[in-house]
Number of protein chains: 2
Amino acid sequence: MHTRRYHHGDLRAALLTRAEQTLREKGPGALSLRELARDLGVSHAAPSRHFKDKQALLDALALAGFERLAAALTGSREAAGEEFADRLAALVRAYVGFATGNAELLDLMYTVKHDPAASDALITAAHQLGAMAEEMVAEGQRSGEVRQGPVDAIAMPVFTTLHGYASFAVSGVLPAAEVESGLDAVIAYMLRGCAPS
Amino acid sequence: MHTRRYHHGDLRAALLTRAEQTLREKGPGALSLRELARDLGVSHAAPSRHFKDKQALLDALALAGFERLAAALTGSREAAGEEFADRLAALVRAYVGFATGNAELLDLMYTVKHDPAASDALITAAHQLGAMAEEMVAEGQRSGEVRQGPVDAIAMPVFTTLHGYASFAVSGVLPAAEVESGLDAVIAYMLRGCAPS
DNA sequence: ACCTGAACACCGTTCAAGT
DNA sequence: ACCTGAACACCGTTCAAGT
């Protein structure tokens, strides 16, 4: 009854938590199932009960990332005002904030998968993010703040710009010091792409 | 004199060529220095003469990717007309074409590096791509086809959109069948972001 | 200068066996 | 159901030694 095994059924969650920590601190190359097991005090074979292989763990990590990012975007919407420009700015700041705060994870989320079967869930998760952008654009069209036309022909380029900016920030192409200051120009450019007539 | 060792000094090049091939065919996870050495008929320790470690090989691969991408973009410029819209479209198509044709490599090129020292060359290479976009925008400003203002406040969002689109195409978020058909909307959106007044 | 061969300390994955 | 321990077939990296 004392010091009973750490995991009474949540080894899976513990593995994910620890894995994300080492992903953040040491990068994806340093992620080892055996080391994870060691850190958590289980045998090196234990993780295989919960993840059929290393890629399955990485996929689960990426999926959790998409869920947290979606939550952050939803949250940004509530905090924003009613104007389209406000909402867009809030969305952009939330996405870029998540990206810079979780660089390695964002990288993992959008990494080319070589098991196309396993990546279905990830692509669906990414599409849900896109759907949020589409919804925002559609509302902007209704209120007249966004030009008319097929929603995805407007929302997709906007979301693409957003992701490209996040990707540059994450990869270091855009220096950390310039991420914040460059945001205004990017948002203004997006608004120009959305503006009526 | 017969069947003399395959490498009279170009093991380095042979490693890079072979590495890119397996990167393309089997993904980055399947890339092993030992297997590379086996395939090329050298001892497993031979690669270390040319690349201090596996990451150095990956970095060299990424750098070569940037050089080829830069060449492709330069080529697109020569094939395009004089109008800004033409040049932009050609640049976009060249970048996206490279991305879809070299998905794993593009991923590698923009991957988060954990050795900041080694990634300087890669960031510089990415900046050279950005400089090409800036030059194009600057010319568009001179000819009056692009609105006035700080060059980078226009060129950066454009380049960001381009890269985001390529990234979505590469990651599979944008289905392969939609990459071509979505390009027109993206280009139109970019032009709107650049248009005067 | 460039490569080999052996050695070291790791990996991921599988599978019988334990509780 | 969940985990262990041993086993297997790999890794990357280093280093004396060869040519």
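Each chain gets a letter, A, B and so on, in the order its sequence line appears, and its residues count up from 1.
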Check your understanding: Could you state the CD-C1' distance from A:Glu35 to C:dG12, rounded to the nearest angstrom?
Key -> 14 Å
Practice item. Just call it for B:Arg12: base, sugar-phosphate, or nothing, with non-hydrogen atoms closer than 4.0 Å on any strand. Key: nothing
Revision key, fill the gap. Smallest heavy-atom separation, A:Asp86 atom then A:Ala80 atom, equals O-CB, 4.0 Å
**Study point:** Check: A:Leu31 main-chain N/O paired with A:Lys54 side-chain donor or acceptor under 3.5 Å
**Key:** yes
Check your understanding: B:Arg12 side chain to B:Arg49 main-chain N or O, any donor-acceptor pair under 3.5 Å?
Key -> no
Exercise for review: List the steps, then state whether side chain to side chain contact (heavy atoms under 4.5 Å, CB included) holds for B:Arg68 with B:Leu105.
Suggested key: CA-CA 11 Å; B:Arg68 274 160 44 203; B:Leu105 183 58; 3.9 Å; yes
Review point. Rounded to the nearest Å, what distance is computed from the CG atom of residue A:Leu36 to the P atom of nucleotide D:dC3?
Key: 14 Å
Review point. Among side-chain atoms of B:Arg18 and B:Gln21, is any donor-acceptor pair under 3.5 angstrom?
Key: yes
Exercise for review: Taking only the side-chain heavy atoms of B:Ala45 (C-beta and beyond), determine which of D:dT14, D:dC3, D:dT13 contains the nearest atom.
Suggested key: D:dT14
Point to revise | Heavy-atom pair with the smallest gap, counting every atom of A:Tyr110 and B:Asp107 | key: O-OD1, 4.1 Å
Check your understanding: Within less than 4.0 Å of OP1 or OP2 of C:dC10, is there a side-chain N or O belonging to B:Arg34?
Key -> no
Study note, to complete from the structure: Given Watson-Crick and G-U pairs under 3.5 Å, DNA chain D in dot-bracket ([ ] crossing, | other strand) is ||.|||||...|||||.||
Practice item. Take the protein atom CG of A:Leu33 and the nucleotide atom P of D:dC10, then report the distance between them rounded to whole Å. Key: 19 Å
Practice item. Measure from CG on A:Leu57 to P on C:dT13 and round the result to the nearest Å. Key: 10 Å
Point to revise | Check: B:Arg147 main-chain N/O paired with B:Gln141 side-chain donor or acceptor under 3.5 Å | key: yes
Review point. Residues from residues 48-56 of chain B sitting under 4.0 Å of DNA chain D, heavy atoms only?
Key: B:Ser48, B:Asp53, B:Lys54
**Study point:** Smallest separation among heavy atoms of A:Ala169 and A:Val179, with atom names
**Key:** CB-CG2, 3.7 Å
**Study point:** Nearest-nucleotide pick for B:Ser32, side chain only, options being D:dC11, C:dT4, D:dT4
**Key:** D:dC11
Point to revise | Side chain of A:His44 (C-beta onward), nearest among D:dC3, C:dT13, D:dT14 | key: C:dT13
Check your understanding: For the atom pair CZ (B:Phe66) and NE2 (B:His127), what is the distance rounded to the nearest 0.5 Å?
Key -> 10.0 Å
Check your understanding: Starting at CG of A:Leu15 and ending at C1' of D:dC2, how long is that distance when rounded to a whole Å?
Key -> 13 Å
